[in-house]
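The sequence lines fix the lettering, A, B, ..., with proteins before strands; numbering per chain opens at 1. Everything quoted here is computed from the prediction, not taken from an experiment. Excluded from the calculations below are hydrogen atoms, water molecules and symmetry mates; all remaining heavy atoms, backbone and side chain alike, are included.
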2 protein chains.
Amino acid sequence: MQPNDPIKRSRRNSGAVTVRDVAKIAGVAPITVSRAINHPETVSAELLRRVHDAVARTGYVPNLMAGSLSSSKSKLIAAVIPSTVFSVFTETIESLNNALFDAGYQLMLGQSQYLASREEALLGAVIGRRPDGIFLTGIMPPSNARKRLLASGIPVVETWDLTPTPIDMLIGFSHHKIGLAVADYFISKGYQRFASVRASDERADRRMSAFVERAAQQGLPPVQVINVGSERTLTRGRQALAEILENTTRVDAVFCSSDLLALGVLTEARARNIRIPDGLAVMGFGGVPIIENMIPALSTVQINSGKIGALAAEYLIARAEGRVVQMPTVDVGFSIHERDST
Amino acid sequence: MQPNDPIKRSRRNSGAVTVRDVAKIAGVAPITVSRAINHPETVSAELLRRVHDAVARTGYVPNLMAGSLSSSKSKLIAAVIPSTVFSVFTETIESLNNALFDAGYQLMLGQSQYLASREEALLGAVIGRRPDGIFLTGIMPPSNARKRLLASGIPVVETWDLTPTPIDMLIGFSHHKIGLAVADYFISKGYQRFASVRASDERADRRMSAFVERAAQQGLPPVQVINVGSERTLTRGRQALAEILENTTRVDAVFCSSDLLALGVLTEARARNIRIPDGLAVMGFGGVPIIENMIPALSTVQINSGKIGALAAEYLIARAEGRVVQMPTVDVGFSIHERDST
DNA sequence: ATGAAAGCGCTAACAA
DNA sequence: TTGTTAGCGCTTTCAT
């Protein structure tokens, strides 16, 4: 701060207040300042006070990058989410972030677009920051990226799915079982002619394959499938029902790969005066809060998104702090919430 | 990698591959590896090839924290968003993150809960990482936090609002004007008896005050206001309409502080067989995609959320790279989208 | 075009 | 309990 030390201040100095400045003012060594801030219990009351004073006077904010570099602990967790369906994972990310913050960790967000080209860059960016943990939405198939992740040695938690070969930790549920359960549920309610409206992603794929498979097993007519690709919109859901009804009016139950698509189907049904659930049953997936008090309230396969985030935070933090995670693979399950639409 | 150099490997060495390792294998100096990676045009073809080879062979991933510390450029942008209304800002954050990624920047996410206690910690965490820029959802009122931000010298962009006294850059729109515009719009459509359903936040406050003010100016009866606090749910929107109708049935237009609340009002209206828009007009705020193809389609005050994120990225990156931003304050405006509900 | 030296700001390791 | 020393892995600066 004072211009009386022309030798010390090198040209590289960024100008910000550093431990050294604080130490000088408090009349202690830099390491004492570090201790006072990070392990106050190891410093005497007197020095603690002097350091706090100096910090307040200078407005010192520790440079966490420097600290991380030195301690090999970044207090950073990276989350990779597919951007196009951000909304489904909102609750997970929110609970993840809250739990992390409370433990003094920061969240770094990366959006994979499921593009291999981007994935390499994203991974470099993620690993390059040396996060203490990585949160993955979905599971990572064998690939170069997977190898790099493995090689990095950073704790990883894969989520929203199950696999016998996780990279590291795993918090998810079985998409296959969901497909079976929904088919069984429809059958138990007396529905017979199924259709499905689904987006293009691997997990929806597994739900829907199981759904179709179970229908076939039970001797039901073939399931009509509308794949909406990446258009996960309400509008596209409406169109999808229109398409289904163009082919045949003999459909009485539709399983959608997301609540939003299901809302679209419901909307189109209303536009056509189809009675819900007598004329048509509709099942969504995800369990976003909005659907439970609409008219008609949408039945859905409910996922405990918040729990996934909270558990992931717990696991990642445990591992970051060198503790062992007892149950590194967890099936959080799902539940079918029956409401007006079925 | 080879255990033949017991002196060099100090106990602090984290074990990861470093520039030094790569340099040794490529037969060049560490700085050349750095140049080959960050400024390939300054390195001869031959050395470039050798470095790339060595990088591939070792699986080297540069430690960005070390680089940042050395260069005082973190390539990190921090975004602070209020967690409870994540969804409204989703589109903004998504476009922000995409634009940042394309320019080689990472996004760090902080969730303020509007709690003063948390704000201090959040700010320390944010500034401590020395991001190249900070994205704020909303504007920051005079406070200790604001002073710290100012003192940090980090480029800041405040968003989703307008103020004559921004910290630095500003990308938003006038909530006051929106309130006036909605009142005028209702009046022009012949509505006379207004109500409003709103959450507790300062921006909603300004929209609603202006709405009430204009109604009074025009000699209309007092506006009935339901404040739902922090319960920004569809269900609460339904309850709100019920409350309004308990007091008086003579309400013909409701302005809601979010699309979600408006959806709730619409739902309750349907439950009561109130005709939309003849019996009741409903206006939302935000313009989330879902509402435009529902039945009835919700009229709303549309905000270009994506543009806010993209512009913010552009400004922040420009400033991070030492360029000057010509128009550091931008009003992105709003537009009333008339649909079935009005 | 390439390299040597010297830090960036912090903390681990060791010493007192 | 406090301090000294030596890095963490990278890039700036200055030479060649």
Practice prompt. Using the side-chain contact (heavy atoms from CB on, under 4.5 Å) rule, pick out the option among B/L107, B/I154, B/L316, B/I77 that qualifies with B/P131.
Written response: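 Looking at B/L107, B/I154, B/L316, B/I77, the match for B/P131 under the side-chain contact (heavy atoms from CB on, under 4.5 Å) is B/I154.
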Measure [atom1]/[X] against [atom2]/[N] and give the value in whole Å, please.
X: A/L64; N: C/dC10; atom1: CG; atom2: P; answer: 9 Å
X: B/R20; N: C/dA4; atom1: CZ; atom2: P; answer: 12 Å
X: A/K73; N: C/dC10; atom1: NZ; atom2: P; answer: 18 Å
X: A/M65; N: C/dC8; atom1: CE; atom2: P; answer: 14 Å
X: B/H39; N: C/dA1; atom1: NE2; atom2: C1'; answer: 14 Å
X: A/L69; N: C/dG9; atom1: CG; atom2: P; answer: 12 Å
X: A/K75; N: C/dT11; atom1: NZ; atom2: P; answer: 12 Å
X: B/Y60; N: D/dC10; atom1: OH; atom2: C1'; answer: 7 Å

Taking OP1 and OP2 of [N], is either one under 4.0 Å from a side-chain nitrogen or oxygen of [X]?
X: A/S72; N: D/dC8; value: no
X: A/N63; N: C/dC8; value: no
X: A/S70; N: C/dA12; value: no
X: A/S44; N: D/dT1; value: no

Within the side chain of [X], is there an N or O that forms a donor-acceptor pair under 3.5 Å with the backbone of [Y]?
X: A/Y315; Y: A/M327; result: yes
X: A/N38; Y: A/S34; result: yes
X: B/Q106; Y: A/A125; result: no
X: A/T92; Y: A/G306; result: no
X: B/Q111; Y: A/N98; result: no

From [options], pick the nucleotide closest to the side chain of [X]?
X: A/V19; options: C/dG3, C/dG9, D/dG9; value: C/dG9
X: B/I31; options: C/dC10, D/dT12, D/dT2; value: D/dT12
X: B/T18; options: D/dG9, D/dG3, C/dC10; value: D/dG9
X: B/N38; options: C/dG9, D/dT11, D/dC10; value: D/dT11
X: A/V28; options: D/dC10, D/dG3, D/dC8; value: D/dG3
X: A/S71; options: C/dG3, C/dT11, D/dC10; value: C/dT11

Worksheet item: Does any non-hydrogen side-chain atom of A/N63 lie less than 4.5 Å from one of A/T18?
Response: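 Side-chain contact under 4.5 Å: no.
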Item to complete: Quick one: label B/L47 by what it contacts on the DNA or RNA (base, sugar-phosphate, nothing), any heavy atom closer than 4.0 Å.
Response: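 Sugar-phosphate: the residue B/L47, judged by heavy atoms under 4.0 Å, touches backbone atoms but no base.
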Worksheet item: What does B/A66 touch in the nucleic acid at a heavy-atom separation under 4.0 angstrom: a base, only the sugar-phosphate, or nothing?
Response: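 Answer is base: heavy atoms of B/A66 come under 4.0 Å of a base.
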Item to complete: Report the residue (A/T42 or A/P30) whose heavy-atom-nearest nucleotide on DNA chain D is the more 5′ of the two.
Response: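 Checking each residue's closest nucleotide, the 5'-ward one belongs to A/T42.
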Worksheet item: Where each residue is assigned the nucleotide of DNA chain D containing its nearest heavy atom, which of B/V61 and B/R35 is assigned the position nearer the 5′ end?
Response: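 Mapping each residue to its closest nucleotide by heavy atoms, the 5'-most match is B/V61.
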Fill in: N-O pairing of A/D102 and B/R118 below 4.0 Å
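Yes, this pair counts.
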Worksheet item: Listed in order of residue number, which residues of residues 49-57 of chain B have a non-hydrogen atom at under 4.0 Å from DNA chain D?
Response: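 Contacting residues: none.
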